Every structure is written in C-alpha cells, then in structure tokens.
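Predicted, not measured: the structure shown is a model, and the values here were computed from it.
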Amino acid sequence: MKASRPWLAPLLSAIFLALFVGIWFLATQKGIAEVTVDPEYAALVGQAAATGTKSAMPTPGEVGAKVWSHLRDPFYDRGTNDKGIGTQLLYSIGRVLLGFGLAALVAIPLGFLIGMSPLVYKALDPFIQVLKPVSPLAWMPLALYTIKDSDISAIFVIFVCSLWPMLVNTAFGVASVRRDWLNVARTLEVSRLRTAFQVILPAAAPTIMTGMRISIGIAWLVIVAAEMLVGGTGIGYFVWNEWNNLSIANIICAILFIGLIGMLLDTLLARLARAVTYRE
Amino acid sequence: MSAFRNPFDYRVRLDRHGCSCGRHASQADHDHAEALEARELQDRAVEGAVMRALFPQDAMRRGFLKAVGAGTAMAALSTLFPMGLAKEAFAAGSGALEKTKLKVGFIPITCATPIIMAHPLGFYSKYGLDVEVVKTAGWAVIRDKALAKEYDAAHMLSPMPLAISIGAGSNPIPWTMPAVENINGQAITLSIKHKDKRDPKDWKGFKFAVPFDYSMHNYLLRYYLAEHGLDPDRDVQIRAVPPPEMVANLRADNIDGFLAPDPVNQRAVYDGVGFIHLLSKEIWDGHPCCAFSASKEFVAQNPNTYAALLKSILDATAYARKQENRKEIAAAIAPANYLNQPVTVVEQVLTGTYADGLGGVKKDPNRIDFDPFPYDSFAVWILTQMKRWGQIKGDVDYAKVAKEVFLATDAAKLMKELGMPAADPAKPIVVMGKPFDPKQPAAYVDSFAIKRS
C-alpha cells in the first residue's frame, strides 16, 4: 500500500464491515412466515415457536437498536440486579485494574529479583512453570471457598492470572540487559541500587511493558468468565443475565463493548510502552 | 388470639357455629378481630410512649397538640421518628431487630417467587427489614456464598440444607430450613424432535439435565425413570446443568430433555425448542421443591430478625398462593432485576394456563403452588432418596436429621400468629401411586428394585 493513499485502509475496513453486516442481514432474514397455530396458542409462545422458525439469531437492525438503547442510558440503576451497561463495565474495569495493579506491585519487584539472581531464577522456575498454565476458572471455586468473599475472589483470580506474564517478562528483561552496560556501570563504580534504577530498569522497561500488555489482555479476558461464575455485578454478570433471558442481541452488544474496552486498555498500555522505549 | 376457647367464658357458644361474642361468623374470625384490636391498642401505646418521651411536661405537650392538632402532630412525629418500625419492633415482642439490612440470595426461577416478590411488593419493609435480594449464578455458588456469610439467608433446593447439615459433599455445617418456598412447579421437558417418544421406555441413551445433584429434580427424575424400568445411572445420562443453560443446550441438541424448575420449561416451549412431557405434580402432587434457608448460627444469633424475615416470607407465600394475585406477581418478578424473562412466560407458569409445546393450551391452576410448611416427612423422603442413590452412606437417623433441619415448630408458631391455616401433621405422601410412610424409611428404601445402596 502506498503512503500517498491514506484513505485506502479505512475504506477497505469499511467494505469488510459492510460485507459482514450484509451477510449477517441476509442470513437472519426470517421472511414473513405464516402463523401456523391457532391464535390463542400463538399468544402464549414466542414468534419463533408460533411460526415454526427456530432461528434465534437477531438481525443487525435489532442489535443496532439494542446498542443504541444501551448507549442512550448507560448508567441507569433499577435495583440490585439491573444496572446499566456502563455501570457494569465500570465495575469490571475497576476489578481488573485492582487485580492487575496488585499483580504489578508483586510481579515487577519479584521479577527484578529473579532476573538479577540466576540462583533465585532456578529455584522459583518450577513453581512458575507449574502455576502459569493454570486456567483462571480453576482458581475460582478454590478462591470462593477459601476467601469467602466473592468480590475479593474475583479480584484474586485477576491477580493470579495477570501475575505470570509480568513476572516472566520482567525477569527475562532484567536478565537480558546487555553485559557491556552492566560492566560499564561496574567500572564506573556505580552503586547496585543506582545500577538497578538507572541502567537495568530503563533497559528492561520495554520488555516489562510487553508483559504488562499481555497481562491486562488476560485480565480482561478472565474478568468476564469470573463474573459469570460469581454473579452480582460487572459485564460478565450482564452476559450471564442476558443468557438467562436467552437474549442473543444483548449478548452481542456485550461482546462489542467488551472488545472495545479491551482495545482501549491495550492502546493505553501501548502508548505507555512507546513512552519508555529507547533507541540504541 | 388463642386457638382454644376460654373455658371460663360463659358467653362461649356451645354450638360450633359463630363465636363467643356472636358478632363473628366463627371463632377463628373472632380471634382474628381480637388480634387486630390488640394490635391497635398496642400501637396507640407505642405512640403515646413516644409522645410522652418527646414532651415530658404535660403542659407543654398539651400546648403543642392544641397548636397543631393531634393528626398533624402525629404526622410530624412520624417524619422524625420511625414510628412504623417502633410499632413493629414492639409487636415482635422480644425487642428490636438485631439486624435490619439483610442480603438474601436467589436463583432466577419461579420457585423463588415468595423470596423475590416480597421485595417489589413490600413484604420485607412491612416487617421493618431492608432486604437486598441478590441474583446468584448457580446452586454451588449460592451454597458457597451462604456458607461464607455473604448472604444472611438464601433460596436453596430443599435437599440442600439437609446435605449441608449432614455433610454430604462437604463438611457438615448445621443448616436450617424454616419454610418451603413452593410445591410442584417443575416439569419434564423434552426436545421437540422427541415429540413422538412419549413412552419413557424409548428413552434409553437419552441425556438429561437436572439443576443440581442434591435437588428434588434429580430425585423425581430418577424415581420416574426407575419406575419405568430405566436405571438412571446406566441407561441414561443425568448431568447437572444450571437452569438458564438448559434451553440453550436443548436447542443445540446437546441434551434430549431435562427435569427443571420453571420458567425454564415454559421458556423452551416459548422458544419452540421443546415440549412439556409432564408436570412434576403428576409424579408427586404437592411435592416440595425449593426452600427458604438460613444457617443455624444466623437463627440463633438474630432471633427477632429471623422471626421478622420468616414472617415476611410466610406472608408473601400466602399471598402467592391466591390465584387472583398470580398475574400481578408475574408482572412484578419478570423484569431484568429479578427473573429477566418475558412476562407471558412467567404468567403461564404462575397461572397454570399454558402452551404445552405441541400446539395445545392446557389449564392446571396447581401447576405451581405455595405452601410454606416444612413437613418432617418431606425431609425423611428426601433422605431416603439420598440413601437410595448412594449420596449418603451408612446408617441414617432419618427422623432426627429431619427434625433438626426442617424447623416445623417455628413455622407452625408464626403461621398461627399470622392467622394462616394450620398444617396437617398426617399429610399423606404418594409418589406415582406408591404411599410413603415416614415412620418406615429404611423399609421404603429397600422396597425399590433399582437402587444403589
């Protein structure tokens, strides 16, 4: 693609979107099916059952209308179990940031330690390797049963899952700081603490940021599943509640919003990462 | 208030019609009117006490009353002082509520009707309670949250308090079940593709879903299958699936049918993916299903709050029992805050006029009913099935467990206070034509051909 035509990529994106919506629209055309049952019965069952069509897939128009209705009033509060999608997203973001922040507080210093000491690295490695691949949802029942607080359990699960990528990346970044720079620092008799902050940290910062980006992505993935299990508040609860109601249109809305927020979180960290990169 | 007639009252009529004073149709009506009168007097006394406490000097009080009038004074006082609460607390007898802000968990199914509707229809606030009803994702979660004291009380399946108390599946924790939420109200729903297989003998190899292992659904489905000669553990597969996921699984052909709480059955019909094979009342008419439960610790530490909570549930249950209120209740509990279902689905379940999924409209006003009394015999029956299917091993003291968990005495006392009809201690239990004698539980377990113990 030539740089002289900056509008080409957005145009292509728009065409893809139009194609996708077009196919979706055609696939969900229900047609005007005849009501095949008596009117008394038809009044008691849904459109699908009354006309004999089984498709529950909403049309793009229906989903569009739902998205609009959510956007128009995102922060309503109609009782404990019925809050606007904006409020639900804020609950989820809050949990993710809390769990992720706590994980960063633990993972980055610990990663530093592991990266700087080959001995600690070797000693802790088996634990990290075993715990890293454990699915977040496997932690959930254990957390619920031991912590005995569903809110803290959800945050704990986020914490546990966002810990490992940050830890591993920090350790890797710290361990692979170029020897030359450390040697220069040593010949200049810079103190260990100063070396850590002024040589190693800036050098490892891009790798640490990569770890944080992976972590927040995982945390945002996990929160939906965790909230679906625990219930109460959050976008995961919203999805579960709409599943209860078998409202596919609302679930599609939620997926859209989850995707957008995930993108936003990632973009923010990417910005941060760009701010700490350096040219060699 | 007393159910017994005063033997020293010469005005008591000897014939059984009418009451002692002659102004009421029956002694019960007389007692009820008397109770109301007593309550009225009690309320006046509370108002008087508050007034006197605020204006200790007679002259000043009279001056104030003269200036604004008694009605205005009372209204002004009520805005400053929670008069309703004070009256309620006084009427409760043994003092104030230990705790007024409560959290009660529920699963979004029609069995929870009394727990849920008590919120929008104001039964909790009537007894001075500020209850938050929290929708919960599944039975295991509701158990964990109740055990973790996140909930003060919770909607459970009636076998759950028994399972928790005897420690089936976890450590034993004394749990109580002071009231049954609903009786009947479940159904066997099959995928629409099986509409010609109405004989259970054709069901070999079917995959069924029930909401939880310790549930009436599980026991009733197993009973039904076994009576038709199918071994529920070998000839079919029964899995625990949360109610909301059942319809989606049925649509996806992942399961062939389920015995589930409503509105799930009706929702399958509404969506055109299933039909109602039979209502659970056709297996055992009047069977208990869901329960209102609390830990023994909560009951012991907060006796007044517990009594107020139980009264609001009993009141709500009595209200739900009346057919004429069912439409109003359906409209109140259908919104997203509670069941999150189309109103017509909830209404069909509660009114009993429903589409069966095969093109017919059926009428059965007792499809779901509400009778709060926790009969010991129910508990014993549930325990026999736990024993029958190997969920509990060894010797079971059926009667003792039943008595400790099902708080029948409390329910009876409060029901009497609320003027509800007394329970029948000799209520017969007949499951698929076979009578059950709660005094012979072991013999009952042994009498089945298909069993695991």
Side-chain angles (χ1 to χ4, degrees), chain A residues 36-57 76-84 140-153 225-234 236-248 250-251, chain B residues 103 105-109 116 119-120 131-138 140-145 147-150 170 192 242-245 247-248 251 263-264 266-275 334-342 344-345 347-348 353-361:
Chain A
T36 48
V37 287
D38 72 49
E40 189 198 357
Y41 185 78
L44 296 180
V45 293
Q47 176 71 21
T51 55
T53 52
K54 263 172 65 172
S55 170
M57 198 62 196
Y76 71 81
D77 186 351
R78 288 190 211 112
T80 314
N81 309 304
D82 187 12
K83 294 178 169 35
M140 198 70 219
L142 184 69
L144 258 182
Y145 209 80
T146 48
I147 299 178
K148 294 188 184 288
D149 183 302
S150 53
D151 232 0
I152 299 177
S153 301
E227 286 168 347
M228 277 181 95
L229 264 184
V230 176
T233 49
Y237 166 78
F238 178 85
V239 172
W240 176 79
N241 197 19
E242 290 309 327
W243 189 9
N244 241 341
N245 190 17
L246 299 165
S247 166
I248 306 295
N250 268 326
I251 292 176
Chain B
K103 258 192 181 178
F106 74 94
I107 300 280
I109 52 177
I116 308 175
H119 187 248
V131 174
E132 196 184 333
V133 286
V134 187
K135 201 189 287 192
T136 313
V141 178
I142 219 166
R143 178 200 58 205
D144 288 350
K145 284 191 168 189
L147 292 180
K149 296 188 191 134
E150 218 168 293
S170 63
I192 201 83
E245 291 166 29
V247 178
R251 191 198 297 277
V264 176
Q266 202 56 50
R267 189 60 203 257
V269 170
Y270 182 83
D271 281 13
V273 296
F275 69 92
N337 200 19
Y338 307 107
L339 293 188
N340 200 16
Q341 290 285 342
T344 173
V345 170
E347 206 174 277
Q348 288 179 63
T353 302
Y354 64 95
D356 62 359
L358 296 169
V361 177

Looking only at heavy atoms and a cut-off of under 4.5 Å, which of B:Asn340, B:Thr353, B:Thr136, B:Asp356 has the most pairs with chain A?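 Looking at each option in turn, the highest pair count goes to B:Asn340.
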
Residue among B:His119, B:Glu132, B:Arg267 with most heavy-atom pairs under 4.5 Å to chain A: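 The candidate making the most pairs under 4.5 Å is B:Arg267.
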
Sort B:Ile109 into side chain, backbone, both or neither according to what part of it lies under 4.5 angstrom from a heavy atom of chain A.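 It is neither, since no heavy atom gets under 4.5 Å.
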
Using heavy-atom distances under 4.5 Å, tell me whether B:Phe106 contacts chain A through its side chain, its backbone, both, or neither.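 For B:Phe106, the contact with chain A is made by the side chain alone.
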
Heavy-atom proximity to chain B below 4.5 Å, by part of A:Met140: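 For A:Met140, there is no contact with chain B at all, as no heavy atom is under 4.5 Å.
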
Part of A:Glu242 within contact of chain B (heavy atom distance under 4.5 Å):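 Contact with chain B: backbone and side chain both.
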
Looking at A:Leu229 and B:Val141, what are the two nearest heavy atoms and their distance? O-CG2, 3.3 Å

Would you name the heavy atoms of B:Gln341 and A:Asn244 that are closest together and state the gap between them?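 It is NE2-O, 3.1 Å.
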
Any residue meeting side chain to side chain contact (heavy atoms under 4.5 Å, CB included) with B:Ala137, in chain and number order, not counting sequence neighbours: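 Partners of B:Ala137 by the side chain to side chain contact (heavy atoms under 4.5 Å, CB included) criterion, ordered by chain and then number, come out as A:Trp240.
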
Sequence neighbours excluded, the answer for side chain to side chain contact (heavy atoms under 4.5 Å, CB included) partners of B:Ala140 is B:Arg143, B:Phe212

Taking the side chain as every heavy atom from C-beta outward, state whether B:Glu150 and A:Ser150 have any atom pair closer than 4.5 Å. yes

Separation of A:Asp82 CG from B:Lys135 NZ (nearest 0.5 Å): 7.5 Å

Reported CG-to-CG distance for the pair A:Asn241 and B:Leu339, which is rounded to 0.5 angstrom: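 Atom-to-atom, A:Asn241:CG and B:Leu339:CG are 10.0 Å apart.
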
